[in-house]
Amino acid sequence: MKNHISIRNVNAFYGEHQALKDITVGIPEKQITAIIGPSGCGKSTLLKCFNRLIDLTDGARVSGKIIVDGMDVLDGSIDVTEVRRRMGLLPQKPNPLPMSIYDNVAYGPRLHGTADKKKLDQTVEKYLKIAGLWEEVKDRLKSPANKLSIGQQQRLCLARGLAVEPEIILCDEPTSALDPVSSQHIEQQLLKLKNDYTIVIVTHNIHQAIRLADYVIHLYLGELVEHGTANEVFENPKEERTRAYINGTLVTDMKTDSEVNLKGNVCPFNFVYAKQALHTLEKGKILKLIVDDPTAVIEVPRGMEADGHEVLSVKQVNKTDWEIMIRKNE
Amino acid sequence: MDKRFEEKLFKVLMLASLAAVLGSLFMVIAVIIWNGAPALTFSMITQTPKGGYYMGKEGGILNAIVGSLYLAFGSMILALIISLPAALSLQKDYIGKTKAAYYIRLSLDVLWGTPSIVYGAFGFIVMLYLGMRASLLGGIIVLTFLQLPIMIRSMEEVIKMVPSELKEASYTLGATRFETTTGVVVRQALPGIVTAVLLAFGRGIGDAASILFTAGYTDSLPHSILDPVASLPLAVFFQLGTPFPEVQARAYASALILLLIVLALSITSRALSKRFMKNIIR
Ligand SMILES: Nc1ncnc2c1ncn2[C@@H]1O[C@H](COP(=O)(O)OP(=O)(O)OP(=O)(O)O)[C@@H](O)[C@H]1O
Ligand SMILES: [Mg+2]
């Protein structure tokens with residue numbers, strides 16, 4: 001497996017805050033690599049280093065090397081526009097340009113010297129087809145891009161990015177603003193595109209990562225926790241933190257059978273209420289507890305495990321509240 | 001206090017201020033129309049004055065209409081040519097974050113508030129020094145200076161509102177700063193830019209003090225850019241200053257013409273804006 005992007009000892013800072021800590025990892029060619037990790041762990045920052053979009057952020061500094069096709073992207077003397085042309089970016093929220101559908105797709109090719117009308121027409125049609133949008137817009141190419149639905153706009157952004165003929169497609173949570181059908185649409189396009197492109201996708205959605213990824217990189221608080229093929233990482237993670245993250249996210253997406261809010265209760269009462277709630281459940285069902293007492297966060301899971309139940313995850317959901325997921329056993 | 005009462009009070013206050021604004025505006029317009037409309041004959045807009053400096057109660061104010069249009073459009077175009085690049089360079093992608101930009105903004109704000117007679121006096125001194133007569137050119141240049149702070153600052157405000165995601169989209173496609181600015185920023189900000197130009201035009205066409213010494217006044221039409229020109233604001237000023245009611249009525253008619261020109265331009269620019277609006281990303 002050949003690496004398309006080699007990241008070596010990359011550190012990134014926003015002012016004093018270090019967002020990436022000594023990351024060294026390779027991204028395989030013509031595969032889909034998913035970057036997973038909790039919010040704020042530096043996923044977007046890493047993507048922005050690839051195409052040097054981070055240069056636009058005030059006070060951001062990056063060190064280390066990112067080698068793409070033998071060229072160090074982070075080298076100050078290289079032509080940034082050329083680096084960016086080689087990497088399409090699909091953003092979290094679709095950002096069509098203030099012009100027509102046609103002009104959105106033609107924008108990149110025009111920048112890079114295609115002026116011939118016929119050639120532009122062909123390019124626009126080709127990439128709108130690849131992005132799966134052609135049929136829906138072929139009769140209104142001249143109408144403003146902002147009139148499209150959000151899902152259509154995202155596919156337009158995909159077509160626009162592909163039209164500059166990049167080798168790499170970067171996606172930062174590309175479906176998080178979309179409805180399920182549009183999300184599925186984008187996922188399908190990405191799966192088709194991986195034959196020709198190296199794709200890097202940042203996602204919060206573990207299920208999406210499982211569906212799409214060939215290779216997985218797990219970041220946590222700016223550090224590289226684990227990386228490997230999707231099989232290795234999802235089936236048999238080497239790191240406990242990866243396992244916890246995967247399970248934790250899977251559990252929150254899981255249907256809970258019962259939920260008990262124990263906010264405002266102190267030990268040992270929340271302990272007792274949790275026991276009662278579990279008592280009424282059938283075996284194998286999942287109970288979600290919400291607590292805000294710091295002692296309960298430690299003692300309740302411990303006590304429930306002692307009773308033979310399985311604690312699936314303990315997660316802080318906001319400043320004061322914690323979410324504990326328990327599966328009933330015995 | 002009772003929430004409902006608070007809400008009501010607020011609503012009343014809002015309506016009252018709205019009424020004050022609309023009411024005074026309406027009154028100004030009503031007075032102008034009431035006094036000016038009867039004197040607004042066809043010859044007013046097709047003839048130059050007879051009997052010297054508008055005093056003759058005969059002829060028209062064609063010289064002032066033509067002069068004002070030359071002055072206002074000339075200075076508007078000149079100011080636009082200077083303002084757009086200036087406002088664009090104040091983006092944070094260029095010099096926007098520097099100390100220099102801070103001082104540029106500060107001086108523009110001060111200049112915005114400077115009375116126009118100061119511009120006029122300054123222009124007059126410079127022209128004396130250069131040995132220039134009061135002329136269309138002099139008037140255009142001074143009006144340009146008068147409009148620059150308004151145009152640059154209000155353009156900068158709308159350019160600042162262009163979402164950074166749009167610029168990022170352009171950059172990720174391999175665009176340079178210049179390509180992003182001309183291809184995306186200007187397009188997105190275009191309706192606002194039109195408004196900024198209109199705002200400055202309004203100040204330019206209505207100002208009397210700055211052109212009193214620099215553009216001069218005359219009864220004839222200008223034949224060259226170095227001839228003195230008449231203008232509507234000064235026509236209003238002179239005619240209103242006479243003791244004759246007939247001439248005073250002609251002042252109101254001149255004011256009415258000024259109003260109609262501004263109205264026509266507002267409507268055109270609004271229609272233009274609307275066309276540019278349709279592609280805007282909100
Ligand atoms: N412009 C900025 N200025 C200062 N700090 C920033 C900036 N952008 C990001 N950070 C910080 O850097 C860290 C990493 O941010 P980043 O956006 O890369 O996280 P992320 O993994 O993409 O999170 P999310 O999943 O929420 O998008 C966070 O702690 C964030 O607060
Ligand atoms: Mg992010």
Side-chain angles (χ1 to χ4, degrees), chain A residues 44 47-48 50-59 79-113 142-148 153 156-157 159-166 168-170 172, chain B residues 84 87-102 155 157-196 271-282:
Chain A
S44 301
L47 275 200
K48 283 187 188 170
F50 293 167
N51 65 3
R52 291 271 298 271
L53 211 57
I54 194 146
D55 291 8
L56 304 182
T57 310
D58 302 311
D79 179 7
V80 193
T81 56
E82 179 53 25
V83 169
R84 292 188 182 140
R85 194 200 58 74
R86 288 190 191 187
M87 304 185 196
L89 176 76
L90 202 54
Q92 180 167 2
K93 230 178 97 234
N95 54 1
L97 295 168
M99 45 189 86
S100 70
I101 295 170
Y102 181 97
D103 288 338
N104 258 275
V105 185
Y107 184 81
R110 278 188 182 130
L111 286 179
H112 302 292
K142 292 283 166 231
S143 73
N146 59 13
K147 294 286 184 304
L148 295 174
Q153 284 182 14
L156 179 67
C157 291
R160 182 182 69 190
L162 295 176
V164 295
E165 297 176 346
I168 300 168
I169 305 172
L170 308 173
D172 195 350
Chain B
L84 193 55
L88 289 170
S89 70
L90 284 172
Q91 285 180 93
K92 84 174 180 55
D93 309 53
Y94 290 92
I95 64 162
K97 292 258 163 179
T98 61
K99 203 90 200 158
Y102 171 81
M155 279 183 191
E157 286 306 315
V158 293
I159 286 167
K160 222 165 45 189
M161 301 295 283
V162 173
S164 58
E165 297 91 60
L166 284 188
K167 295 195 208 176
E168 280 176 15
S170 172
Y171 284 127
T172 43
L173 294 168
T176 60
R177 245 176 359 177
F178 180 73
E179 287 163 341
T180 303
T181 298
T182 51
V184 175
V185 175
V186 171
R187 268 170 199 265
Q188 173 76 7
L190 208 48
I193 290 173
V194 171
T195 311
L272 275 178
S273 265
K274 212 167 184 174
R275 286 194 51 187
F276 301 144
M277 278 299 226
K278 74 175 206 295
N279 277 314
I280 295 295
I281 309 294
R282 268 172 249 269

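The sequence lines fix the lettering, A, B, ..., with proteins before strands; numbering per chain opens at 1. Any value given below was found using the heavy atoms of this structure, including those in side chains, with hydrogens, waters and symmetry copies removed.
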In terms of heavy-atom pairs under 4.5 Å, which option from [options] contacts chain B the most?
| options | answer |
| --- | --- |
| A:P91, A:P98, A:P144 | A:P98 |
| A:D58, A:N51, A:D103 | A:D58 |
| A:E82, A:R160, A:K93, A:M87 | A:R160 |

Determine whether more than 12 heavy atoms belonging to other residues, nucleotides or ligands lie under 6.0 Å from atom [atom1] of [X].
| X | atom1 | result |
| --- | --- | --- |
| B:K99 | NZ | no |
| B:Y94 | OH | yes |
| B:K274 | NZ | no |

Counting only heavy atoms closer than 4.5 Å, note whether [X] contacts chain B via side chain, backbone, both or neither.
| X | result |
| --- | --- |
| A:P96 | both |
| A:L53 | side chain |
| A:R110 | neither |
| A:D79 | neither |
| A:N95 | both |

If we only count heavy atoms from C-beta on, is the A:Y107 to B:V184 side-chain gap below 4.5 Å? yes
So do the side chains of A:L56 and B:K167 get within less than 4.5 Å of each other, counting heavy atoms only? no
Measuring from atom [atom1] of [X] to atom [atom2] of [Y], what distance do you get when rounded to the nearest 0.5 angstrom?
| X | Y | atom1 | atom2 | answer |
| --- | --- | --- | --- | --- |
| A:L97 | B:L173 | CG | CG | 7.0 Å |
| A:T57 | B:E168 | OG1 | CD | 7.0 Å |
| B:R187 | A:M99 | CZ | CE | 4.0 Å |
| B:T176 | A:R84 | OG1 | CZ | 10.5 Å |

B:N279 side chain to A:A145 main-chain N or O, any donor-acceptor pair under 3.5 Å? no
Identify which part of B:S170 has an atom lying under 4.5 Å from any heavy atom of chain A, answering side chain, backbone, both or neither. both
Check whether B:K97 gets within reach of chain A through its side chain, its backbone, both or neither, counting any heavy atom under 4.5 Å. side chain
